[in-house]
Engineer: 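Before I ask anything, let me first share the structure, which is written out below as C-alpha cells.
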2 protein chains.
Amino acid sequence: MEQKLEIPKKYRLTKQRKAILEILEKSDIPIHAKEIFERLKKGGWNINLSTVYRNLDMLTKEGLVIKSYMKGEDKARYALPDKKNYLVCEKCGKIVIIDNCPFDKFKEELKEVHQFEITGHCIEVYGICPECQEKFS
Amino acid sequence: MEQKLEIPKKYRLTKQRKAILEILEKSDIPIHAKEIFERLKKGGWNINLSTVYRNLDMLTKEGLVIKSYMKGEDKARYALPDKKNYLVCEKCGKIVIIDNCPFDKFKEELKEVHQFEITGHCIEVYGICPECQEKFS
DNA sequence: AACTTTTTGCAAATGATTTGCATTTATAGA
DNA sequence: TCTATAAATGCAAATCATTTGCAAAAAGTT
Ligand SMILES: [Mn+2]
Ligand SMILES: [Mn+2]
Ligand SMILES: [Zn+2]
Ligand SMILES: [Zn+2]
C-alpha cells in the first residue's frame with residue numbers, strides 16, 4: 001500500500017526543492033510555510049519565501065505534500081502524507097503524531113454507507129498532555 | 001445524544017446575528033464569509049462584512065458553526081452542521097455528517113498510549129460524493 | 001426612560017499568499 | 001563540455017481574506 005513519492009519528471013530537482021522536502025521529512029508535525037522558510041535560513045540557506053510557497057503549491061498539487069489547517073489557526077500547514085493524524089495539547093500546544101492510523105479500518109464502512117469515493121482524511125484530537133495534567137492539576 | 005445549540009446568554013441576539021444564522025440554515029453546503037455577506041445584501045440587509053466575520057468567529061468559538069477549508073481553497077467556509085465528524089465532497093463542497101463516530105472505540109487506546117486526557121476531536125474525510133462521481137466521470 | 005454592556009459600521013491595518021519580471025539554474029542535446 | 005531552452009528563483013509589489021480601533025447605535029436591565 002505504501003508508495004515512494006517522487007517528483008514528476010517535468011519538474012526540475014533544484015536544491016531549494018530538495019531542501020524544503022528535507023525540512024518536511026525532519027518535521028514530525030505539519031508546519032507553516034514560514035516555519036519552513038525560517039528553518040532553512042537558520043540552516044544557512046538563502047532561500048526566498050516565495051520560493052517556499054511556490055514549491056509547496058506545486059508539491060501539494062502533485063499530491064506529494066498535504067496542506068491542512070489546524071483548528072483556530074488561519075494559516076496553512078504542510079506535511080508529508082504520512083503525518084496528518086495527531087493529538088494537540090490544549091494547554092501547551094504540543095503535537096503528538098498518531099501512527100497506526102485508526103481510520104483505515106473505518107474507511108471501507110464509510111465508503112459503503114455514504115457512497116463517497118474517499119480521497120483523504122484528517123483526524124485531529126484535542127486533549128491535555130501528561131506534563132500539563134501535572135502542571136494544571 | 002443530540003443537543004439543541006443555543007447562543008449563550010452573554011451574547012445578544014441582534015438582527016444581524018439572526019440573519020447570518022438564517023443564511024447558514026438555508027445553505028446546504030459550507031459557504032464563505034463573503035458569500036454570506038452578499039446574500040444578506042441581496043436580501044436587502046445593510047450589514048457590514050466585518051460584522052459577518054465577527055459573528056462567524058464568535059459562533060465558531062462557541063461551537064455553533066463549523067469552520068472548514070476545502071481542498072485547493074484558501075478561504076474559510078462556514079456551515080451549521082451540528083457535528084464534528086464529516087465527509088466533504090471535493091467537487092461540490094457537500095457535507096455529510098458521519099454519525100456513529102468511529103472515534104470512540106479508538107479513544108481508550110489513544111488515551112493509554114499517549115497518556116493524554118482527551119477532550120475533543122474532529123475527523124474530516126475528503127472524497128467525491130456520488131453525484132459528483134457521475135458528473136465528473 | 002436611563003444605564004450598562006455588547007455590537008455594529010467604517011476605515012485602516014495586518015498578514016498570509018500570490019504575482020510580474022529580470023536573472024539564474026537545471027537538464028537535454030549537440 | 002558547451003549551448004539552447006524551459007523551468008525556477010529572488011526581489012519587490014500586489015492581492016485579498018481577515019482583523020482591529022474607535023465612535024456611534026442597539027440590546028438587555030432596572
Ligand atoms: Mn496557491
Ligand atoms: Mn478569527
Ligand atoms: Zn501540554
Ligand atoms: Zn459532490
Side-chain angles (χ1 to χ4, degrees), chain A residues 6-24 27 30-62 64-79, chain B residues 6-24 27 29-62 64-79 93:
Chain A
E6 275 179 35
I7 296 183
K9 39 283 149 220
K10 61 175 166 176
Y11 300 106
R12 296 179 179 175
L13 190 54
T14 63
K15 51 192 178 185
Q16 291 90 338
R17 196 157 281 166
K18 254 185 291 189
I20 291 170
L21 284 170
E22 269 165 32
I23 295 292
L24 288 174
S27 175
I31 51 182
H32 301 136
K34 200 161 189 184
E35 267 177 270
I36 296 173
F37 170 68
E38 277 156 4
R39 292 187 198 184
L40 286 171
K41 299 267 281 202
K42 201 163 296 176
W45 284 93
N46 212 41
I47 200 171
N48 189 277
L49 182 54
S50 303
T51 302
V52 174
Y53 272 113
R54 277 192 278 236
N55 273 292
L56 289 173
D57 265 11
M58 179 285 256
L59 292 167
T60 299
K61 274 170 195 142
E62 291 299 331
L64 301 178
V65 159
I66 302 281
K67 178 179 179 180
S68 64
Y69 289 83
M70 273 186 58
K71 206 178 231 168
E73 276 190 0
D74 51 338
K75 43 189 173 178
R77 285 176 178 263
Y78 302 84
Chain B
E6 274 179 36
I7 295 182
K9 40 284 151 217
K10 61 176 165 176
Y11 299 105
R12 294 179 181 177
L13 191 54
T14 63
K15 50 191 177 184
Q16 292 90 335
R17 196 156 281 167
K18 254 185 291 190
I20 291 170
L21 284 169
E22 268 163 33
I23 295 291
L24 289 173
S27 175
I29 64 170
I31 49 182
H32 301 135
K34 200 162 189 184
E35 268 178 88
I36 296 173
F37 170 68
E38 276 156 4
R39 293 189 196 183
L40 287 171
K41 299 267 282 202
K42 201 163 295 176
W45 285 93
N46 212 41
I47 200 171
N48 189 279
L49 182 56
S50 303
T51 302
V52 174
Y53 271 113
R54 276 191 279 235
N55 273 293
L56 289 173
D57 265 12
M58 178 284 254
L59 292 166
T60 299
K61 275 171 194 141
E62 292 299 332
L64 301 178
V65 159
I66 303 278
K67 178 180 180 180
S68 63
Y69 288 84
M70 274 186 57
K71 211 175 228 171
E73 276 190 358
D74 51 338
K75 41 190 174 178
R77 286 176 178 263
Y78 302 84

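Letters A, B, ... mirror the listed sequences (proteins, then strands); counts begin at 1.
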Engineer: Examine C:dG9: is either OP1 or OP2 under 4.0 Å from a nitrogen or oxygen in the side chain of B:Gln16? Give yes or no.
Structural biologist: yes

Engineer: To the nearest Å, give me how far apart CD1 (B:Ile7) and P (D:dG28) are.
Structural biologist: 10 Å

Engineer: Please confirm whether the backbone N or O of A:Leu56 pairs with a side-chain atom of A:Thr60, one donor and one acceptor, at under 3.5 Å?
Structural biologist: yes

Engineer: Identify, between B:Lys15 and B:Tyr69, the residue whose nearest nucleotide on DNA chain D lies closer to the 5' end.
Structural biologist: B:Tyr69

Engineer: Among D:dA17, C:dT19, C:dC10, find the nucleotide with the atom closest to the side chain of B:Ser50.
Structural biologist: C:dC10

Engineer: Between A:Lys75 (NZ) and C:dT18 (C1'), how many Å, whole number?
Structural biologist: 17 Å

Engineer: Whole Å only: how far is the CD atom of A:Glu73 from the C1' atom of C:dT17?
Structural biologist: 16 Å

Engineer: Side chain of B:Leu13 only, heavy atoms from C-beta on: which candidate in D:dG28, C:dG9, D:dT19 is closest?
Structural biologist: D:dG28

Engineer: Let me know, please, whether A:His32 or B:Leu49 comes out on the 5' side of the other along DNA chain C by nearest nucleotide.
Structural biologist: B:Leu49

Engineer: What pair of heavy atoms forms the shortest contact from B:Arg77 to B:Pro30, and how long is it?
Structural biologist: NH1-O, 2.5 Å

Engineer: Could you state the atom-to-atom distance from CZ of A:Arg17 to P of C:dT25 in whole Å?
Structural biologist: 15 Å

Engineer: Main chain of B:Ala19, side chain of B:Glu22: is a donor-acceptor contact present, judged purely on distance under 3.5 Å?
Structural biologist: no

Engineer: To the nearest Å, give me how far apart CZ (A:Phe37) and P (C:dT17) are.
Structural biologist: 14 Å

Engineer: D:dA6 P sits how many Å from A:Lys10 NZ, rounded?
Structural biologist: 16 Å

Engineer: A:Asn55 has a side chain; which of D:dT9, D:dG10, D:dA8 sits nearest to it?
Structural biologist: D:dT9

Engineer: Could you give the CG-to-P distance, from A:Asn48 to C:dT23, as a whole number of Å?
Structural biologist: 17 Å

Engineer: Where the side chain of B:Arg12 is defined as all heavy atoms beyond and including C-beta, which of C:dG9, C:dT5, D:dA8 is the nearest nucleotide?
Structural biologist: C:dT5

Engineer: So, OP1 or OP2 of C:dT18: does either fall under 4.0 Å of a side-chain N or O from A:Tyr53?
Structural biologist: no

Engineer: Take the protein atom NZ of A:Lys41 and the nucleotide atom P of D:dC11, then report the distance between them rounded to whole Å.
Structural biologist: 8 Å

Engineer: Report yes or no: is there a donor-acceptor pair, N or O only, under 3.5 Å between the side chain of A:Thr14 and the base of D:dA7?
Structural biologist: no

Engineer: Judged by atom type as modelled, is there a donor-acceptor pair below 3.5 Å linking the side chain of A:Ser27 to the main-chain atoms of A:Ile23?
Structural biologist: no

Engineer: Taking only the side-chain heavy atoms of A:Arg54 (C-beta and beyond), determine which of D:dT19, C:dC10, C:dC21 contains the nearest atom.
Structural biologist: C:dC21

Engineer: To the nearest 0.5 angstrom, please state how far the NZ atom of A:Lys41 sits from the CG atom of A:Asn46.
Structural biologist: 6.0 Å

